[in-house]
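Residue numbers start from 1 in every chain, and the chains themselves are labelled A, B, ... in the order their sequence lines are given, proteins ahead of strands.
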There are 2 protein chains.
Amino acid sequence: MNKKKEKDPGEEPYLKVLRPLVETYFAFLRKEEPHIKTLGLTPAQFDVIATLGDTEGMSTCQLSDETLVTKGTLTGVLDRLEKMGLIERVYTEKDRRQIIIRLTKEGVKCFERVFPDQIYFLKPYFENALGKAEMETLRGLLLKLKESFEKG
Amino acid sequence: MNKKKEKDPGEEPYLKVLRPLVETYFAFLRKEEPHIKTLGLTPAQFDVIATLGDTEGMSTCQLSDETLVTKGTLTGVLDRLEKMGLIERVYTEKDRRQIIIRLTKEGVKCFERVFPDQIYFLKPYFENALGKAEMETLRGLLLKLKESFEKG
DNA sequence: TATTGTTATACTCTATAACTATA
DNA sequence: TATAGTTATAGAGTATAACAATA
C-alpha cells in the first residue's frame with residue numbers, strides 16, 4: 001500500500017520522512033510476511049492474535065477498534081480462529097450483548113511462539129544497521145510522530 | 001498486520017525500534033486509508049498506481065516484484081484498473097511473452113491528483129511532531145534500516 | 001527447458017447494511 | 001432509541017498450481 005517513488009521531495013521536507021517510513025515498513029514486511037505464513041495465519045488473523053496477546057481479552061467492538069478490521073469482518077475472522085482453537089468467545093453476565101474475545105491456552109502458546117521466533121529472526125537486520133544510541137534516537141522520533149497521528 | 005503490544009522490550013534493544021516502527025506506520029495508515037478510499041481505489045490498486053507513477057511502465061513480473069502482489073493476483077487487479085481506464089497493456093515486439101503495463105493519460109492524472117492531495121493532507125502531522133533537523137535525522141536512520149532489510 | 005502472463009479454484013478479507021437481542 | 005454482535009451480499013484480494021505461448 002502506497003510505496004512512494006523516490007522522486008524529488010521538492011519543497012516539502014516532511015516527504016523526506018514519509019517515503020522512508022513507508023518504504024522501511026514495506027522492506028520489513030517483505031521479511032515478515034513469509035514468516036507469518038509459516039504459522040498458518042493470514043495477516044488479519046495474525047493481527048487479532050497479536051492484539052489479544054498479553055491482554056485479558058476484550059469485546060468485539062474494542063478489538064475492531066484496535067485492529068484495522070471492521071465489526072462485520074471480524075465475526076468471520078473470529079469464527080475461523082475459534083475453529084482453529086486459538087480464541088474463545090466468553091459470554092458475560094453484566095451486559096449480555098457483549099462478548100469477550102480472548103486467547104485460549106492454544107492461542108497463548110501460538111502468541112508466545114511467534115514472538116521469540118520473530119525476535120531471533122529479525123534481530124540481525126536491526127543490529128547490522130544501527131548502533132544502540134541510534135536505536136534510541138530512532139525510537140524517540142518515531143514515537144513523537146506516532147503520537148501526532150494519533151491525536152491529530 | 002502485527003502491531004506488537006507495548007510490553008517490556010526486555011533485553012532486546014531493537015524491539016524498542018521495531019514496535020514504534022510498526023505502530024507509527026499503522027497510525028499513519030489509519031489516516032491514509034480513508035483518504036485513499038475517497039479516490040475509489042482499493043489498497044492493491046493504489047499500490048499499483050503508485051508504483052507505475054513516474055515510470056515508463058514495466059512488465060507484469062516486474063510490477064509483481066515491486067508491489068507485494070503476486071503474479072496471478074495481479075492479472076485480476078490489472079483487469080479492473082484497465083476497465084477503469086487507468087492502465088493499459090502494451091504488447092512489445094522484442095519479447096512477445098512480455099506485456100508492458102503503464103498508466104494511461106487518465107491514470108497519470110489520477111496519480112498526479114493523489115499526491116499533491118496527500119501532501120496537503122498529511123503535512124501537519126509531520127510538522128507538528130518534528131523539527132527540520134529531527135526529520136533529517138529520522139530520514140537517515142530509516143534509510144539505514146531499510147537498506148539492511150533489503151540487502152539481508 | 002525456462003519464462004511470461006493467464007486461468008482456475010478455493011478461501012479469506014472487505015465494506016455495507018439490515019437484523020437480533022439486549023440495554 | 002442506542003449498542004453489541006451476527007448475518008447477508010457482492011466484490012476484491014490471496015495463494016497455488018496448471019496452462020498456453022514464446023524464448
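A side-chain contact (heavy atoms from CB on, under 4.5 Å) with Leu103(A) is found for one member of Ile49(A), Leu86(A), Thr55(A), Asp54(A) and no other, namely Ile49(A). With respect to Leu63(B), the side-chain contact (heavy atoms from CB on, under 4.5 Å) criterion is satisfied by exactly one of Leu78(B), Ile100(B), Val69(B): Leu78(B).
Protein atom CG of Leu74(A) is 18 Å distant from nucleotide atom P of dA8(D), rounded to whole Å. In this structure, the CG atom of Leu41(A) is 15 Å from the C1' atom of dT14(D), given to the nearest Å. Between the C1' atom of dA15(D) and the CD atom of Glu33(A) lies a distance of 12 Å, rounded to the nearest Å. One atom, OH of Tyr91(B), and another, C1' of dA21(D), lie 12 Å apart when rounded to the nearest Å.
Nucleic acid contact for Gly76(A): none, since no nucleic acid atom lies under 4.0 Å from a heavy atom of the residue. If you check every strand for non-hydrogen atoms under 4.0 Å, Thr73(A) touches a base. Nucleic acid contact for Thr42(B): sugar-phosphate only, since backbone atoms but no base atoms lie under 4.0 Å from a heavy atom of the residue. Looking at heavy-atom distances under 4.0 Å, Thr60(A) makes contact with sugar-phosphate atoms alone, never a base.
Residues passing the side chain to side chain donor-acceptor pair (under 3.5 Å) test with Glu88(B) are Arg102(B), sequence neighbours excluded. Shown here are the ring pair (Phe, Tyr, Trp, His ring centres under 6.0 Å) partners of Phe149(A), two or more places apart in sequence or in another chain: Phe28(B), Tyr125(B), Phe126(B). Shown here are the side chain to side chain contact (heavy atoms under 4.5 Å, CB included) partners of Glu150(B), two or more places apart in sequence or in another chain: Ala27(A), Lys146(B).
In this pair, Tyr25(B) and Tyr25(A) present their aromatic rings parallel. The plane angle is below 30°, not in the 30 to 60° band.
Applying the 6.0 Å contact sphere to CD of Glu82(B) captures more than 12 heavy atoms from other residues, nucleotides or ligands.
Heavy atoms only, all atoms of each residue included: Arg30(A) and Glu66(B) are closest at NH2-O, 3.0 Å. Counting all heavy atoms, side chain and backbone alike, Leu142(B) lies closest to Thr24(A) at O-OG1, 3.1 Å. Annotation for Lys71(A) and Cys61(A): closest pair CD-SG, 4.4 Å, computed over non-hydrogen atoms.
Contacts between residues 77-90 of chain A and DNA chain D, defined by a heavy-atom separation under 4.0 Å, are made by Arg89(A). Within residues 94-108 of chain A, the residues that place at least one heavy atom under 4.0 Å from DNA chain D are, in residue-number order, Arg97(A), Gln98(A), Ile99(A).
Of the two residues contacting DNA chain D, namely Lys71(A) and Val69(B), the nearest-nucleotide position lying further toward the 5' end is that of Lys71(A).
The side chain of Thr70(B) places an N or O atom within less than 4.0 Å of a non-bridging phosphate oxygen (OP1 or OP2) of dA15(D).
The main-chain N or O of Gly131(B) is found under 3.5 Å from a side-chain atom of Glu134(B) such that the two form a donor-acceptor pair.
Note that the first and last nucleotides of DNA chain C, 5' to 3', having any atom under 4.0 angstrom from a heavy atom of chain B are dA2(C) to dT7(C).
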